[in-house]
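Written below as C-alpha coordinates is the structure these notes are about.
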2 protein chains.
Amino acid sequence: MARAPVTSEPDHSAAGKLPAEGTQARRFGKTRSAQSTALLEDYAELIADLLASEGEARPTDIARRLGVSHATAIKSISRLKRAGLATARPYRGVFLTEKGHALAERVRVRHRLVVDLLRALGVPSEAAEADAEGIEHYVSEITLKAFAQFLKSR
Amino acid sequence: MARAPVTSEPDHSAAGKLPAEGTQARRFGKTRSAQSTALLEDYAELIADLLASEGEARPTDIARRLGVSHATAIKSISRLKRAGLATARPYRGVFLTEKGHALAERVRVRHRLVVDLLRALGVPSEAAEADAEGIEHYVSEITLKAFAQFLKSR
DNA sequence: GTCAAAATGTAGTACAGGCTACAAATTACA
DNA sequence: TGTAATTTGTAGCCTGTACTACATTTTGAC
Ligand SMILES: [Mn+2]
Ligand SMILES: [Mn+2]
Ligand SMILES: [Mn+2]
Ligand SMILES: [Mn+2]
(Lines give C-alpha, C1' and ligand atoms only; values in the text may rest on other atoms or scores of the structure.)
(Ligands and ions follow the chains in the order given, each with its own letter.)
Protein backbone atom coordinates (compact mmCIF):
# COMPACT_ATOMS: atom_id res chain seq x y z
CA MET A 1 0.00 0.00 0.00
CA ALA A 2 0.50 3.53 0.16
CA ARG A 3 3.95 4.79 0.71
CA ALA A 4 2.00 7.81 1.85
CA PRO A 5 2.88 8.75 5.40
CA VAL A 6 0.25 9.08 8.07
CA THR A 7 0.55 12.83 8.29
CA SER A 8 1.82 14.95 5.42
CA GLU A 9 4.03 14.58 2.37
CA PRO A 10 7.19 16.46 3.33
CA ASP A 11 9.63 16.36 0.47
CA HIS A 12 10.89 13.97 -2.16
CA SER A 13 14.23 12.47 -2.87
CA ALA A 14 15.31 14.36 -5.97
CA ALA A 15 15.43 18.13 -6.16
CA GLY A 16 11.97 19.74 -6.08
CA LYS A 17 10.96 18.72 -9.58
CA LEU A 18 7.39 17.53 -9.58
CA PRO A 19 4.45 19.87 -8.98
CA ALA A 20 1.96 18.98 -6.26
CA GLU A 21 -0.42 16.23 -7.34
CA GLY A 22 -3.49 18.42 -7.31
CA THR A 23 -1.81 21.14 -9.28
CA GLN A 24 -0.61 18.76 -11.92
CA ALA A 25 -4.00 17.06 -12.15
CA ARG A 26 -5.68 20.43 -12.63
CA ARG A 27 -3.29 21.34 -15.43
CA PHE A 28 -3.84 18.09 -17.27
CA GLY A 29 -7.58 18.39 -16.79
CA LYS A 30 -7.55 21.83 -18.31
CA THR A 31 -5.67 20.50 -21.30
CA ARG A 32 -8.15 17.64 -21.74
CA SER A 33 -11.05 20.03 -21.69
CA ALA A 34 -9.38 22.32 -24.22
CA GLN A 35 -8.80 19.32 -26.42
CA SER A 36 -12.47 18.47 -26.43
CA THR A 37 -13.40 21.92 -27.73
CA ALA A 38 -10.60 22.16 -30.28
CA LEU A 39 -12.63 20.47 -32.99
CA LEU A 40 -15.65 22.68 -32.41
CA GLU A 41 -13.44 25.73 -32.62
CA ASP A 42 -11.87 24.68 -35.90
CA TYR A 43 -15.24 23.97 -37.45
CA ALA A 44 -16.67 27.28 -36.27
CA GLU A 45 -13.69 29.20 -37.59
CA LEU A 46 -13.73 27.42 -40.93
CA ILE A 47 -17.47 27.84 -41.39
CA ALA A 48 -17.17 31.55 -40.67
CA ASP A 49 -14.33 31.85 -43.16
CA LEU A 50 -16.25 30.02 -45.85
CA LEU A 51 -19.37 32.07 -45.27
CA ALA A 52 -17.34 35.25 -45.50
CA SER A 53 -15.36 34.38 -48.59
CA GLU A 54 -17.67 32.06 -50.50
CA GLY A 55 -21.04 33.07 -49.22
CA GLU A 56 -21.81 29.52 -48.17
CA ALA A 57 -20.34 26.66 -46.15
CA ARG A 58 -21.38 23.29 -47.48
CA PRO A 59 -20.50 20.04 -45.68
CA THR A 60 -18.57 18.81 -48.71
CA ASP A 61 -16.38 21.89 -48.81
CA ILE A 62 -15.85 21.77 -45.07
CA ALA A 63 -14.81 18.13 -45.34
CA ARG A 64 -12.38 18.81 -48.17
CA ARG A 65 -10.73 21.68 -46.36
CA LEU A 66 -10.38 19.67 -43.16
CA GLY A 67 -9.13 16.63 -45.01
CA VAL A 68 -11.78 14.26 -43.67
CA SER A 69 -14.59 12.30 -45.31
CA HIS A 70 -17.91 14.05 -45.78
CA ALA A 71 -19.52 11.55 -43.43
CA THR A 72 -17.13 12.58 -40.70
CA ALA A 73 -17.79 16.25 -41.35
CA ILE A 74 -21.55 15.74 -41.21
CA LYS A 75 -21.27 13.98 -37.88
CA SER A 76 -19.12 16.74 -36.44
CA ILE A 77 -21.54 19.34 -37.76
CA SER A 78 -24.24 17.46 -35.84
CA ARG A 79 -22.20 17.96 -32.71
CA LEU A 80 -22.00 21.68 -33.49
CA LYS A 81 -25.79 21.77 -33.79
CA ARG A 82 -26.20 19.88 -30.54
CA ALA A 83 -23.90 22.41 -28.90
CA GLY A 84 -26.06 25.23 -30.21
CA LEU A 85 -23.30 26.60 -32.40
CA ALA A 86 -24.69 25.93 -35.87
CA THR A 87 -27.76 25.24 -37.96
CA ALA A 88 -27.99 23.70 -41.42
CA ARG A 89 -30.34 23.59 -44.38
CA PRO A 90 -29.77 20.70 -46.78
CA TYR A 91 -28.12 21.76 -50.04
CA ARG A 92 -28.01 25.27 -48.68
CA GLY A 93 -25.12 24.87 -46.29
CA VAL A 94 -24.24 25.35 -42.67
CA PHE A 95 -24.82 28.53 -40.70
CA LEU A 96 -23.57 29.77 -37.37
CA THR A 97 -25.82 30.77 -34.52
CA GLU A 98 -25.11 33.90 -32.53
CA LYS A 99 -23.13 31.76 -30.15
CA GLY A 100 -21.29 30.04 -32.98
CA HIS A 101 -20.41 33.33 -34.54
CA ALA A 102 -19.07 34.67 -31.28
CA LEU A 103 -16.93 31.57 -30.88
CA ALA A 104 -15.62 31.85 -34.43
CA GLU A 105 -14.69 35.46 -33.80
CA ARG A 106 -12.74 34.64 -30.66
CA VAL A 107 -11.01 31.78 -32.39
CA ARG A 108 -10.11 33.92 -35.38
CA VAL A 109 -8.51 36.54 -33.17
CA ARG A 110 -6.56 33.89 -31.29
CA HIS A 111 -5.46 32.19 -34.48
CA ARG A 112 -4.15 35.44 -35.90
CA LEU A 113 -2.39 36.43 -32.69
CA VAL A 114 -0.64 33.09 -32.43
CA VAL A 115 0.49 33.24 -36.03
CA ASP A 116 1.69 36.81 -35.62
CA LEU A 117 3.65 35.92 -32.52
CA LEU A 118 5.31 32.94 -34.17
CA ARG A 119 6.17 35.05 -37.20
CA ALA A 120 7.60 37.73 -34.93
CA LEU A 121 9.85 35.11 -33.37
CA GLY A 122 11.18 34.20 -36.78
CA VAL A 123 9.10 31.14 -37.59
CA PRO A 124 8.57 30.79 -41.37
CA SER A 125 4.98 31.46 -42.36
CA GLU A 126 3.95 27.96 -43.39
CA ALA A 127 5.30 26.46 -40.16
CA ALA A 128 3.67 29.28 -38.22
CA GLU A 129 0.30 28.59 -39.81
CA ALA A 130 0.57 24.85 -39.33
CA ASP A 131 1.68 25.03 -35.69
CA ALA A 132 -0.86 27.71 -34.87
CA GLU A 133 -3.64 25.37 -35.98
CA GLY A 134 -2.86 23.24 -32.94
CA ILE A 135 -1.44 25.76 -30.49
CA GLU A 136 -4.38 28.16 -30.73
CA HIS A 137 -6.64 25.84 -28.77
CA TYR A 138 -4.43 25.81 -25.70
CA VAL A 139 -3.60 29.47 -25.24
CA SER A 140 -5.25 31.07 -22.21
CA GLU A 141 -6.47 34.65 -22.02
CA ILE A 142 -3.52 35.64 -19.92
CA THR A 143 -1.06 34.23 -22.40
CA LEU A 144 -2.95 35.85 -25.24
CA LYS A 145 -2.58 39.20 -23.52
CA ALA A 146 1.13 38.61 -23.14
CA PHE A 147 1.42 37.84 -26.84
CA ALA A 148 -0.39 41.04 -27.76
CA GLN A 149 1.75 43.04 -25.38
CA PHE A 150 4.93 41.62 -26.84
CA LEU A 151 3.83 42.33 -30.40
CA LYS A 152 2.89 45.88 -29.58
CA SER A 153 6.10 46.75 -27.80
CA ARG A 154 8.93 45.50 -29.92
CA MET B 1 -23.32 20.71 -58.59
CA ALA B 2 -19.99 21.90 -58.16
CA ARG B 3 -19.50 25.57 -58.38
CA ALA B 4 -16.07 24.44 -59.45
CA PRO B 5 -15.22 25.71 -62.92
CA VAL B 6 -14.23 23.36 -65.71
CA THR B 7 -10.64 24.47 -65.71
CA SER B 8 -8.94 25.98 -62.67
CA GLU B 9 -9.88 27.80 -59.52
CA PRO B 10 -8.84 31.36 -60.22
CA ASP B 11 -9.72 33.59 -57.32
CA HIS B 12 -12.47 34.09 -54.79
CA SER B 13 -14.78 36.92 -54.04
CA ALA B 14 -13.37 38.32 -50.82
CA ALA B 15 -9.77 39.37 -50.45
CA GLY B 16 -7.38 36.37 -50.61
CA LYS B 17 -8.26 34.98 -47.23
CA LEU B 18 -8.55 31.23 -47.43
CA PRO B 19 -5.51 29.01 -48.03
CA ALA B 20 -5.64 26.51 -50.89
CA GLU B 21 -7.74 23.46 -50.02
CA GLY B 22 -4.84 21.03 -50.08
CA THR B 23 -2.70 23.25 -47.91
CA GLN B 24 -5.40 23.69 -45.34
CA ALA B 25 -6.18 19.97 -45.31
CA ARG B 26 -2.51 19.17 -44.75
CA ARG B 27 -2.33 21.56 -41.81
CA PHE B 28 -5.40 20.13 -40.13
CA GLY B 29 -4.15 16.61 -40.75
CA LYS B 30 -0.86 17.44 -39.08
CA THR B 31 -2.74 18.78 -36.08
CA ARG B 32 -4.89 15.63 -35.87
CA SER B 33 -1.84 13.42 -35.91
CA ALA B 34 -0.14 15.51 -33.21
CA GLN B 35 -3.29 15.21 -31.13
CA SER B 36 -3.17 11.44 -31.31
CA THR B 37 0.36 11.36 -29.87
CA ALA B 38 -0.20 14.01 -27.21
CA LEU B 39 -1.42 11.51 -24.66
CA LEU B 40 1.51 9.16 -25.22
CA GLU B 41 3.89 12.07 -24.79
CA ASP B 42 2.34 13.17 -21.52
CA TYR B 43 2.45 9.67 -20.11
CA ALA B 44 6.06 9.16 -21.18
CA GLU B 45 7.11 12.47 -19.68
CA LEU B 46 5.26 11.84 -16.43
CA ILE B 47 6.60 8.32 -16.07
CA ALA B 48 10.14 9.56 -16.60
CA ASP B 49 9.61 12.27 -14.01
CA LEU B 50 8.21 9.83 -11.47
CA LEU B 51 11.01 7.35 -12.06
CA ALA B 52 13.57 10.10 -11.60
CA SER B 53 12.10 11.67 -8.49
CA GLU B 54 10.36 8.79 -6.77
CA GLY B 55 12.24 5.82 -8.10
CA GLU B 56 9.06 4.23 -9.37
CA ALA B 57 6.00 5.02 -11.49
CA ARG B 58 2.95 3.11 -10.36
CA PRO B 59 -0.35 3.23 -12.28
CA THR B 60 -2.14 4.66 -9.26
CA ASP B 61 0.29 7.54 -8.93
CA ILE B 62 0.20 8.20 -12.64
CA ALA B 63 -3.60 8.26 -12.52
CA ARG B 64 -3.67 10.65 -9.58
CA ARG B 65 -1.23 13.06 -11.20
CA LEU B 66 -3.15 13.02 -14.46
CA GLY B 67 -6.49 13.39 -12.72
CA VAL B 68 -8.04 10.29 -14.27
CA SER B 69 -9.28 7.00 -12.83
CA HIS B 70 -6.77 4.22 -12.38
CA ALA B 71 -8.68 2.14 -14.91
CA THR B 72 -8.17 4.82 -17.51
CA ALA B 73 -4.48 5.08 -16.70
CA ILE B 74 -4.01 1.32 -16.97
CA LYS B 75 -5.65 1.27 -20.39
CA SER B 76 -3.49 4.12 -21.61
CA ILE B 77 -0.40 2.38 -20.26
CA SER B 78 -1.45 -0.60 -22.35
CA ARG B 79 -1.36 1.63 -25.37
CA LEU B 80 2.14 2.73 -24.41
CA LYS B 81 3.18 -0.92 -24.20
CA ARG B 82 1.61 -1.66 -27.56
CA ALA B 83 3.53 1.27 -29.01
CA GLY B 84 6.75 -0.16 -27.63
CA LEU B 85 7.28 2.78 -25.29
CA ALA B 86 6.83 1.11 -21.92
CA THR B 87 6.85 -2.13 -19.98
CA ALA B 88 5.28 -2.90 -16.61
CA ARG B 89 5.64 -5.33 -13.74
CA PRO B 90 2.57 -5.59 -11.52
CA TYR B 91 3.03 -3.90 -8.15
CA ARG B 92 6.47 -2.86 -9.29
CA GLY B 93 5.47 -0.04 -11.58
CA VAL B 94 5.87 1.09 -15.15
CA PHE B 95 9.17 1.41 -16.97
CA LEU B 96 10.19 3.08 -20.19
CA THR B 97 11.85 1.28 -23.05
CA GLU B 98 14.77 2.85 -24.84
CA LYS B 99 12.29 4.33 -27.27
CA GLY B 100 10.04 5.54 -24.47
CA HIS B 101 12.94 7.15 -22.72
CA ALA B 102 14.02 8.93 -25.87
CA LEU B 103 10.49 10.24 -26.37
CA ALA B 104 10.29 11.42 -22.76
CA GLU B 105 13.58 13.24 -23.18
CA ARG B 106 12.41 15.05 -26.30
CA VAL B 107 9.13 15.95 -24.64
CA ARG B 108 10.85 17.21 -21.53
CA VAL B 109 13.07 19.51 -23.56
CA ARG B 110 10.09 20.82 -25.51
CA HIS B 111 8.05 21.32 -22.36
CA ARG B 112 10.80 23.34 -20.74
CA LEU B 113 11.43 25.42 -23.83
CA VAL B 114 7.77 26.29 -24.20
CA VAL B 115 7.49 27.25 -20.55
CA ASP B 116 10.65 29.34 -20.75
CA LEU B 117 9.40 31.15 -23.82
CA LEU B 118 6.05 31.94 -22.24
CA ARG B 119 7.77 33.15 -19.09
CA ALA B 120 10.08 35.31 -21.18
CA LEU B 121 7.04 36.91 -22.78
CA GLY B 122 5.69 37.81 -19.38
CA VAL B 123 3.23 34.98 -18.78
CA PRO B 124 2.89 34.20 -15.06
CA SER B 125 4.41 30.87 -14.15
CA GLU B 126 1.23 28.94 -13.34
CA ALA B 127 -0.42 30.01 -16.59
CA ALA B 128 2.79 29.24 -18.44
CA GLU B 129 2.91 25.73 -17.01
CA ALA B 130 -0.76 25.08 -17.66
CA ASP B 131 -0.74 26.36 -21.23
CA ALA B 132 2.52 24.62 -22.02
CA GLU B 133 0.93 21.30 -21.12
CA GLY B 134 -1.22 21.65 -24.23
CA ILE B 135 0.95 23.76 -26.51
CA GLU B 136 4.01 21.53 -26.25
CA HIS B 137 2.41 18.84 -28.40
CA TYR B 138 1.92 21.11 -31.40
CA VAL B 139 5.27 22.86 -31.64
CA SER B 140 7.35 21.80 -34.65
CA GLU B 141 11.12 21.52 -34.71
CA ILE B 142 11.39 24.73 -36.68
CA THR B 143 9.32 26.64 -34.17
CA LEU B 144 11.26 25.11 -31.32
CA LYS B 145 14.47 26.36 -32.87
CA ALA B 146 12.98 29.82 -33.14
CA PHE B 147 12.02 29.74 -29.47
CA ALA B 148 15.55 28.75 -28.48
CA GLN B 149 17.04 31.42 -30.68
CA PHE B 150 14.81 34.07 -29.18
CA LEU B 151 15.63 33.02 -25.63
CA LYS B 152 19.34 33.06 -26.33
CA SER B 153 19.44 36.48 -27.93
CA ARG B 154 17.38 38.76 -25.79
C1' DG C 1 0.52 -15.35 10.29
C1' DT C 2 -3.77 -13.06 9.65
C1' DC C 3 -6.27 -9.74 7.71
C1' DA C 4 -7.54 -5.18 6.16
C1' DA C 5 -6.14 -1.67 3.05
C1' DA C 6 -4.19 -0.55 -1.17
C1' DA C 7 -3.09 -1.52 -5.75
C1' DT C 8 -4.11 -3.70 -9.82
C1' DG C 9 -6.89 -5.82 -13.28
C1' DT C 10 -11.22 -6.61 -15.88
C1' DA C 11 -15.87 -5.88 -17.63
C1' DG C 12 -19.22 -3.08 -19.39
C1' DT C 13 -20.82 1.50 -20.92
C1' DA C 14 -20.61 5.94 -23.33
C1' DC C 15 -19.13 9.24 -26.46
C1' DA C 16 -16.01 11.35 -29.95
C1' DG C 17 -14.16 11.13 -34.30
C1' DG C 18 -12.32 8.57 -37.88
C1' DC C 19 -13.51 5.33 -42.05
C1' DT C 20 -16.22 2.79 -46.17
C1' DA C 21 -20.30 1.59 -48.44
C1' DC C 22 -24.69 2.36 -49.89
C1' DA C 23 -29.07 5.11 -50.45
C1' DA C 24 -31.62 9.29 -51.41
C1' DA C 25 -32.15 13.90 -52.86
C1' DT C 26 -30.89 17.83 -55.43
C1' DT C 27 -28.85 20.27 -58.97
C1' DA C 28 -26.79 21.21 -63.46
C1' DC C 29 -26.82 20.70 -68.11
C1' DA C 30 -27.46 18.58 -72.55
C1' DT D 1 -37.39 17.48 -69.75
C1' DG D 2 -34.53 13.80 -68.57
C1' DT D 3 -30.46 12.21 -66.95
C1' DA D 4 -25.96 12.18 -64.87
C1' DA D 5 -23.03 14.20 -61.53
C1' DT D 6 -22.92 16.12 -57.09
C1' DT D 7 -24.30 16.51 -52.62
C1' DT D 8 -26.25 14.89 -48.63
C1' DG D 9 -27.70 11.42 -45.44
C1' DT D 10 -27.42 6.90 -43.03
C1' DA D 11 -25.58 2.60 -41.36
C1' DG D 12 -22.05 -0.09 -39.55
C1' DC D 13 -17.43 -0.59 -38.09
C1' DC D 14 -13.13 0.66 -35.52
C1' DT D 15 -10.08 3.00 -32.16
C1' DG D 16 -9.24 6.04 -28.38
C1' DT D 17 -10.27 7.86 -23.96
C1' DA D 18 -13.11 8.46 -20.33
C1' DC D 19 -16.19 6.45 -16.47
C1' DT D 20 -18.13 3.02 -12.63
C1' DA D 21 -18.39 -1.31 -10.55
C1' DC D 22 -16.59 -5.47 -9.24
C1' DA D 23 -12.85 -9.07 -8.70
C1' DT D 24 -8.26 -10.30 -7.65
C1' DT D 25 -3.71 -9.79 -5.91
C1' DT D 26 -0.27 -7.87 -3.13
C1' DT D 27 1.34 -5.50 0.63
C1' DG D 28 1.77 -3.67 5.26
C1' DA D 29 0.69 -3.70 10.09
C1' DC D 30 -0.65 -5.74 14.01
MN1 LIG E 1 -7.04 24.79 -34.97
MN1 LIG F 1 -7.41 28.02 -36.57
MN1 LIG G 1 1.26 17.92 -22.28
MN1 LIG H 1 4.42 18.29 -20.54
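Here the structure is a predicted model, which is why all the values come from computation and not from measurement. Quick note on labels: first sequence line is chain A, next is B, and so on, each numbered from 1.
Distance A:Ile62 CD1 to C:dG18 C1': 17 Å, rounded to the nearest Å. Rounded to whole Å, atom P of C:dC19 lies 10 Å from atom CG of A:Leu66. For the pair A:Asp42 CG and C:dG18 P, the computed distance is 10 Å after rounding to whole Å. Rounded to whole angstrom, the span from the NZ atom of A:Lys81 across to the C1' atom of D:dT8 amounts to 11 Å. In this structure, A:Ile77 atom CD1 and D:dT8 atom C1' are separated by 10 Å, rounded to whole Å. Between the CZ atom of A:Arg58 and the C1' atom of D:dA5 there is a distance of 13 Å, given to the nearest Å. Atom-to-atom, CZ of A:Arg92 to C1' of C:dT26 comes out at 9 Å; the value is rounded to the nearest Å. In this structure, the CD atom of A:Glu56 is 11 Å from the P atom of C:dT27, given to the nearest Å.
Applying the 6.0 Å contact sphere to CD1 of B:Ile142 captures no more than 12 heavy atoms from other residues, nucleotides or ligands.
Among A:Ile74, A:Thr72, A:Val68, the one residue that satisfies the side chain to side chain contact (heavy atoms under 4.5 Å, CB included) test with A:His70 is A:Ile74. Tested against B:Leu46, the residues B:Asp61, B:Val94, B:Ile62, B:Val107 include a single side chain to side chain contact (heavy atoms under 4.5 Å, CB included) partner, B:Ile62.
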query = Taking protein heavy atoms under 4.0 Å as touching, what does nucleotides 15-24 of chain D look like 5' to 3' if B marks base contact, S marks sugar-phosphate-only contact and - marks none?
reply = -SSBBB----
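Aromatic ring pairs are classed by plane angle as parallel below 30°, tilted from 30° to 60° and perpendicular above 60°; the pair A:Tyr138 and B:Tyr138 is parallel.
No hydrogens or angles considered: nothing links the side chains of B:Ser36 and B:Ser33 as a donor-acceptor pair under 3.5 Å.
Under the rule for a salt bridge (Lys or Arg N to Asp or Glu O under 4.0 Å), the partners of A:Glu41 that lie at least two apart in sequence or sit in another chain are A:Arg110.
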